[in-house]
Participant: 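Once you've had a glance at the structure underneath, I'll fire off some questions.
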Amino acid sequence: MKRTGQTAAAETDLRADTDVKVSLISKIAYGMGDVGCNFSWMFVGNFLMIFYTDVFGISMGAVAGLMLFSRFWDAVNDPIIGSLTDRTHSRWGRYRPWLLVAAPLTAVVLVLTFWAHPGWNSTAKIVYMGITYCILVLGYTCVNIPYGTLCGAMTQNIEERAQI
């Protein structure tokens with residue numbers, strides 16, 4: 001089978017993309033960012049339910065209902081955010097604007113999620129819990145989907161991706 005000039009050029013470009021080496025400092029920086037994302041989410045995973053029940057005074061049934069609802073919420077917003085990040089075109093690239101805006105906002109929402117209001121009635125507490133936690137899940141999605149996609153944007157080399 002005969003190759004056209006265009007096909008050969010495309011194969012050369014593909015090989016060039018897979019030959020990209022990522023510097024050690026870039027790998028370390030990417031890993032440190034991932035440590036930050038995982039640390040904050042593990043903090044939520046380990047302490048939020050205890051905070052909601054023991055400190056905030058919300059019933060376990062309400063917390064369980066929120067956790068169930070938030071999984072459905074996450075299943076809806078993940079593909080939407082993924083599609084939006086893929087369509088983002090800015091002078092800073094596709095993913096950087098998402099990280100620059102969503103990361104600080106998510107940090108603020110994380111603090112608000114753990115802000116107790118002991119004097120509030122039960123309904124107000126549950127509404128506050130539902131709003132802050134769902135916004136937190138959305139914020140985490142807005143940070144983590146573009147961040148996870150950065151690895152593929154850094155290099156097409158499978159070995160380099162595995163090291164990153």
Side-chain angles (χ1 to χ4, degrees), residues 1 3-49 52 63-115 127-164:
M1 184 172 203
R3 283 198 242 175
T4 65
Q6 191 176 21
T7 306
E11 287 178 4
T12 303
D13 287 345
L14 185 60
R15 272 194 302 267
D17 286 347
T18 60
D19 290 339
V20 172
K21 298 289 184 194
V22 179
S23 69
L24 179 61
I25 192 75
S26 293
K27 290 175 185 176
I28 291 170
Y30 183 85
M32 291 284 90
D34 210 21
V35 166
C37 286
N38 287 317
F39 178 78
S40 65
W41 199 249
M42 290 309 298
F43 182 76
V44 168
N46 288 329
F47 298 112
L48 190 62
M49 284 192 269
Y52 280 154
V63 174
L66 171 69
M67 295 300 152
L68 177 64
F69 173 77
S70 71
R71 293 309 112 211
F72 288 113
W73 167 243
D74 204 29
V76 169
N77 73 47
D78 278 5
I80 293 170
I81 297 301
S83 176
L84 289 173
T85 59
D86 285 344
R87 292 186 202 155
T88 300
H89 298 287
S90 74
R91 66 180 184 160
W92 299 295
R94 281 185 175 170
Y95 310 117
R96 187 177 295 155
W98 287 87
L99 299 173
L100 292 174
V101 172
L105 292 176
T106 302
V108 170
V109 174
L110 178 63
V111 171
L112 291 175
T113 302
F114 282 92
W115 185 28
V127 168
Y128 182 82
M129 171 189 72
I131 290 170
T132 56
Y133 187 68
C134 286
I135 293 172
L136 180 65
V137 168
L138 176 63
Y140 186 76
T141 297
C142 289
V143 172
N144 231 28
I145 286 181
Y147 193 80
T149 310
L150 276 178
C151 183
M154 291 167 73
T155 183
Q156 296 296 313
N157 186 316
I158 293 172
E159 289 83 20
E160 287 291 305
R161 284 186 184 181
Q163 289 177 8
I164 293 172

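Values below: every heavy atom of this structure, side chains too, minus hydrogens, waters and symmetry copies. Numbers for residues simply follow the sequence, beginning at 1.
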Participant: Is any side-chain heavy atom of Arg94 less than 4.5 Å from a side-chain heavy atom of Thr149?
Facilitator: no
Participant: What's the spacing between Met49 CE and Tyr52 OH if we round to 0.5 Å?
Facilitator: 10.5 Å
Participant: Check for a donor-acceptor pair, side chain of Asn46 on one end and backbone N or O of Met42 on the other, with a separation under 3.5 Å.
Facilitator: yes
Participant: For a side chain to side chain contact (heavy atoms under 4.5 Å, CB included) check, start with the C-alpha distance between Thr113 and Tyr128, then their side-chain angles and the critical distance, and finish with the verdict.
Facilitator: CA-CA 8 Å; Thr113 302; Tyr128 182 82; over 6 Å; no
Participant: Do Tyr95 and Asp86 have side chains that approach each other closer than 4.5 Å (heavy atoms only, starting at C-beta)?
Facilitator: yes
Participant: Working to the nearest 0.5 angstrom, can you tell me the gap between Glu159 CD and Lys21 NZ?
Facilitator: 7.0 Å
Participant: Give a yes or no answer on whether the side chain of Ser83 reaches the backbone of Pro79 with a donor-acceptor pair at less than 3.5 Å.
Facilitator: no
Participant: Could you tell me if the side chain of Leu136 sits less than 4.5 Å from the side chain of Trp41, heavy atoms only?
Facilitator: yes
Participant: Would you say the side-chain atoms of Asn144 pair up with the backbone N or O of Tyr140, donor to acceptor, closer than 3.5 Å?
Facilitator: no
Participant: At their closest point, which heavy atom of Gly93 faces which heavy atom of Thr88, and how far apart are they?
Facilitator: O-CG2, 4.2 Å
Participant: Is it true that, when you exclude Arg87 itself, more than 12 heavy atoms of the residues, nucleotides or ligands shown sit nearer than 6.0 Å to its CZ?
Facilitator: no
Participant: Would you say Thr85 and Tyr147 make side-chain contact, with heavy atoms under 4.5 Å?
Facilitator: no
Participant: Are any side-chain N or O atoms of Trp73 and backbone N or O atoms of Cys134, one a donor and one an acceptor, separated by less than 3.5 Å?
Facilitator: yes
Participant: Write down the atom of Trp98, the atom of Leu84, and the distance for their closest heavy-atom approach.
Facilitator: CZ2-CB, 3.7 Å
Participant: Run the side chain to side chain contact (heavy atoms under 4.5 Å, CB included) check on Leu48 and Tyr133 step by step: do they pass?
Facilitator: CA-CA 10 Å; Leu48 190 62; Tyr133 187 68; 3.3 Å; yes
Participant: Is the centre of the Phe47 ring less than 6.0 Å from the centre of the Phe114 ring?
Facilitator: no
Participant: Which pair of non-hydrogen atoms, one from Cys142 and one from Ile81, has the smallest distance, and what is that distance?
Facilitator: SG-CD1, 3.7 Å
Participant: Give me the atom names and distance for the closest heavy-atom approach of Met154 to Val22.
Facilitator: CE-CG1, 3.7 Å
Participant: Ignoring hydrogens and angles, tell me if any N or O in the side chain of Thr106 forms a donor-acceptor pair with the backbone of Gly139 under 3.5 Å.
Facilitator: yes
Participant: Report yes if some heavy atom in the side chain of Leu110 is under 4.5 Å from a heavy atom in the side chain of Trp115; otherwise report no.
Facilitator: no
Participant: Between Leu105 and Ile135, is any pair of side-chain heavy atoms under 4.5 Å apart?
Facilitator: no
Participant: Working to the nearest 0.5 Å, report the span between SG of Cys37 and CG of Leu99.
Facilitator: 8.0 Å
